[in-house]
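So you know, we letter chains A, B, ... as the sequences are listed, proteins then strands, and number each from 1.
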Amino acid sequence: MGVSARSTRSGKRRIAITVVLLFAIVALFVVRLVDIQVVRADTLSADSLGNRSVEQPIYGSRGDIVDANGVVLAGTVMRYNITLSPRNAVEFTRTTAAGDQTVTVAQAAAEVGAITGQTGDAILAIISSSLAANPASDYAMVTKAVDVSVFRAVDALEIPWIYFEKKPGRVYPDGAVAGNLVGFVSSEGEAQAGLEIGQDSCLASTDGTETYEKGADGVRLPQSTVTEKAAVDGGDVVTTIDSDLQWFVQQALAKQAQATGAAWGTVVVQEVKTGKLVAVADYPSVDPNNVNGTTNPDDRGSRAFTASFEPGSTFKALTAASVLDAGKATVNTQVVAPYRYLPGNGANINDSSGHADLHLTLTGVLIESSNTGMSKFGELLTDKQRYDYMTKFGLGTATEAGFPAEDSGILHPYDEWDPQTKYATMFGQGLTTTALQIASIYQTIANKGVRLPVQLVAGCRQADGTMTNVPAAAGTQVVSASAAHDTSDMLEMVYQKAWLSKVWNIPGYRVASKTGTAQMPDGHGGYTHGYLVSVSGFAPADDPEYVVSVSLADPVKLNSSAAPAPIFQEVMSQVLKKYRAVPSGAPAPALPGTW
Amino acid sequence: MSDNLARVLRPNWESAPRHDTPDQKPLDAPAGQPGSRLRHIEIVATRSQRRARPKIAFALSAVAGVAVIIVAQLLLSVGISQGAYEVSRLQASQTELSRTADSVTEDLVRVSSPQSLAANAEAIGMISNSNPVYLRLSDSAVLGAPSSATGSQAGAASLVPNALLTGVPLVTQPAQATGQGASVAGAATSPATTTAPTTSTAAVPAPGAGLPTPTTR
């Protein structure tokens with residue numbers, strides 16, 4: 001019984017000690033709490049200034065625009081804005097290996113200026129002018145968007161009142177190569193032209209923010225990073241362009257356009273069997289790295305997409321294919337082509353130069369490019385039939401390429417055609433097309449009568465590698481395969497026998513091509529004295545792979561289709577060589593042009 | 001609970017061997033037990049009593065455990081803070097290195113542009129032949145019509161501007177080549193040796209001399 005009593009006593013003692021200890025600890029906490037929250041509150045919150053959480057933006061990267069082989073045509077790089085705090089711009093002490101030295105504001109400004117390419121005085125002027133505007137000014141821009149080497153050089157100066165801002169910039173490594181297509185962004189990063197704006201929904205990135213705590217020494221506290229919003233990088237736009245070929249084509253076009261004094265020119269290279277555009281050259285063309293270097297705003301885009309014109313005689317291939325497809329004529333159907341043809345409806349058709357009546361086949365009409373002869377074939381079809389063929393060939397609507405501000409061309413409904421237009425539309429006047437639409441007509445003829453959607457963008461490649469927005473590739477049969485084949489045979493005769501046959505000769509290959517010389521509208525319902533001269537064609541004619549369509553506007557020194565023909569020859573040769581097109585074996589079938 | 005069992009009772013050492021005091025029996029000892037056994041008997045605690053008894057070892061181990069936890073926690077914090085500085089330093093280093101990588105990639109892409117390649121190729125006398133001719137290996141047939149290169153693009157200044165190349169020297173001109181340019185040139189010639197093994201690449205020809213013509217047998 002005695003032991004039990006002792007045990008009870010010690011239990012009570014323990015409880016008492018525990019309670020006392022508990023109260024002591026709680027009291028200690030209370031004292032500490034009061035100490036922190038009340039007594040030392042001001043000191044601690046002053047200390048905590050350096051402990052505040054830091055929120056900073058995470059930049060999402062705008063997607064690249066790449067060519068068919070992955071060559072970057074437009075990419076995002078990090079650039080830096082150099083800023084300074086005018087009110088803090090005072091002399092400071094710099095510690096170097098040689099010892100401490102005092103650097104005055106003027107010295108520092110001169111040092112920065114030597115790196116950024118400004119004068120020291122210019123930087124001093126920035127400081128003084130912003131101080132004049134606001135004596136407490138804490139922010140002034142020294143220079144914008146410098147690259148890493150400049151940033152590092154200025155950073156190494158360790159000037160305490162110089163600050164840097166990160167600023168994603170856009171760079172176009174290939175310059176004006178495909179600059180007409182890629183477009184450009186403003187200095188603020190806003191898409192302004194070309195695919196940059198047309199594919200902005202794919203390219204655009206979303207910036208995020210992250211918050212973290214940092215210690216007084218600036219070191220990020222472990223585990224404190226909270227990503228409030230993740231940055232989302234933009235997708236890459238994969239184009240169908242080949243940048244090497246695009247350069248060659250632009251170079252060839254620019255050389256001949258300058259030699260002939262052309263106002264502008266375009267070259268379109270399209271794959272026959274896929275509808276993909278492998279090169280779309282414009283002259284003049286913008287260098288997206290230096291947009292202001294191109295003074296005329298009209299030269300900053302792509303006229304191949306945005307300018308429509310009366311195509312002229314290259315259009316006769318469409319009329320011939322339509323007539324053949326409708327079964328109204330064959331390649332050997334004979335007509336008499338006079339210099340002037342006055343059909344009963346009051347129209348007045350004449351050829352470009354005077355001649356006696358010619359006894360031509362349909363092939364011969366194309367070789368001679370006779371307007372009167374083509375009129376006699378075109379009138380075998382009703383206006384509606386021809387209009388339907390034209391719309392099926394893609395006229396009157398913008399192509400599927402999806403280029404911003406693409407022109408649809410003008411194709412009036414057939415019931416609005418006046419007598420002259422009824423005939424003019426047979427040989428490429430009285431309607432307008434873009435260079436793309438003409439290339440598409442030749443693609444259709446080359447591809448056994450199947451027109452494929454014109455492709456400039458192969459899709460939007462997301463970060464995980466999937467391709468979205470892949471365009472439809474299903475074609476439509478516009479004319480029968482035999483009509484397309486016969487048209488191709490006739491165009492080969494044009495290539496062999498037309499007056500430019502020596503100029504555009506490509507040894508070893510069978511080529512189908514046609515020239516065009518069209519008067520250019522003056523914009524007021526009449527015509528100027530200038531001509532839009534063009535050559536369109538495809539090769540190898542026995543198994544067509546590529547369409548090349550060249551247009552030059554108003555080449556004042558050589559106002560005929562002899563001006564674009566050398567470009568066609570050079571570009572087509574390069575295309576055949578580049579893509580290893582096998583040279584043709586059998587010669588082209590000979591078709592009689594006269595009777 | 002009664003504690004009488006916990007008391008160790010001394011046996012009667014004097015009487016037990018002699019049995020001269022038969023009336024004096026050890027307490028609680030069974031009557032039939034021989035006296036020699038009684039000498040070694042101890043009364044031990046029951047299991048429940050042993051369990052109830054506080055043990056110093058438990059307290060020590062608990063205190064030691066708390067101490068170990070505190071020390072481990074301290075060491076971990078020290079380690080994490082040390083790691084934070086390490087992470088911070090490495091992140092700064094990574095930032096610097098990725099800046100360098102971006103910068104040299106930019107330079108590379110710029111000198112890989114078609115304008116730069118063409119200017120450099122022409123500077124060492126290369127001429128593009130726009131007339132393609134093929135040799136079919138299966139039957140040794142020559143496809144196409146061979147003709148000498150006329151240099152369709154040769155001599156033409158670049159008509160396709162690239163503002164990024166302003167002030168960038170040709171990598172194929174040794175006189176102007178800086179250290180960086182020379183290294184870029186070395187990188188540019190290596191693919192040529194691998195992709196065109198039939199071409200003599202023993203030496204870069206002097207500008208204007210043209211490339212040596214491979215002999216086809």
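- Expressed to the nearest 0.5 Å, how far CD of A/Q251 lies from CG of B/L159 amounts to 4.5 Å.
- Top candidate by heavy-atom pairs under 4.5 Å with chain A, chosen from B/S113, B/P114, B/P146, is B/P114.
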request  = Determine, stepwise, if the pair A/V177 / B/Q115 fulfils side-chain contact (heavy atoms from CB on, under 4.5 Å).
outcome  = CA-CA 9 Å; A/V177 174; B/Q115 295 98 325; 3.5 Å; yes

Only distances under 3.5 Å count here; give the side-chain donor-acceptor pairs of residues 67-80 of chain A to other protein atoms, sequence neighbours excluded, each with its distance to 0.1 Å.
residue : atom : partner : partner atom : Å
A/D67   : OD1  : A/N69   : N            : 2.8
A/D67   : OD1  : A/G70   : N            : 3.0
A/D67   : OD1  : A/V71   : N            : 2.8
A/D67   : OD2  : A/S243  : N            : 2.8
A/D67   : OD2  : A/S243  : OG           : 3.0
A/N69   : ND2  : A/D242  : OD2          : 3.0
A/T76   : OG1  : A/R62   : O            : 2.9
A/T76   : OG1  : A/R170  : NH1          : 2.8
A/R79   : NH1  : B/E106  : OE1          : 3.4
A/R79   : NH2  : B/E106  : OE2          : 2.6
A/Y80   : OH   : B/R99   : NE           : 3.0

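- For chain B, the nearby part of A/A581 is the backbone; its heavy atoms alone come within less than 4.5 Å.
- Of the two parts of B/V87, neither the backbone nor the side chain holds a non-hydrogen atom closer than 4.5 Å to a non-hydrogen atom of chain A.
- Annotation: the span from B/S103 atom OG to A/F151 atom CZ amounts to 12.0 Å, rounded to 0.5 Å.
- Distance check, rounded to the nearest 0.5 Å: CG of B/D107 to CG of A/D147 gives 8.5 Å.
- Distance alone, capped at 3.5 Å, places no donor-acceptor pair between the A/Q250 side chain and the B/V160 backbone.
- More than 12 heavy atoms of other residues, nucleotides or ligands lie within 6.0 Å of CD in B/E96, so this atom counts as buried by the packing criterion.
- Residues meeting the ring-ring contact (aromatic ring centres under 6.0 Å, His included) test with A/F568, sequence neighbours left out: none.
- Here the side chain of B/N162 pairs no donor or acceptor atom with the backbone of A/D287 at under 3.5 angstrom.
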Stepwise side-chain contact (heavy atoms from CB on, under 4.5 Å) check, A/R152 with B/T100 = CA-CA 10 Å; A/R152 281 182 172 163; B/T100 307; 2.7 Å; yes

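- Heavy-atom contacts from other residues, nucleotides or ligands closer than 6.0 Å to CD of A/E165 number more than 12.
- Screening A/N289, A/D174, A/N290 against B/L164 for a side-chain contact (heavy atoms from CB on, under 4.5 Å) leaves a single residue, A/N289.
- At a 4.5 Å heavy-atom cutoff, the contact between A/Q258 and chain B is made by side-chain atoms alone.
- Comparing A/G179, A/S149, A/P173 by how many heavy-atom pairs each has under 4.5 Å with chain B, the most go to A/P173.
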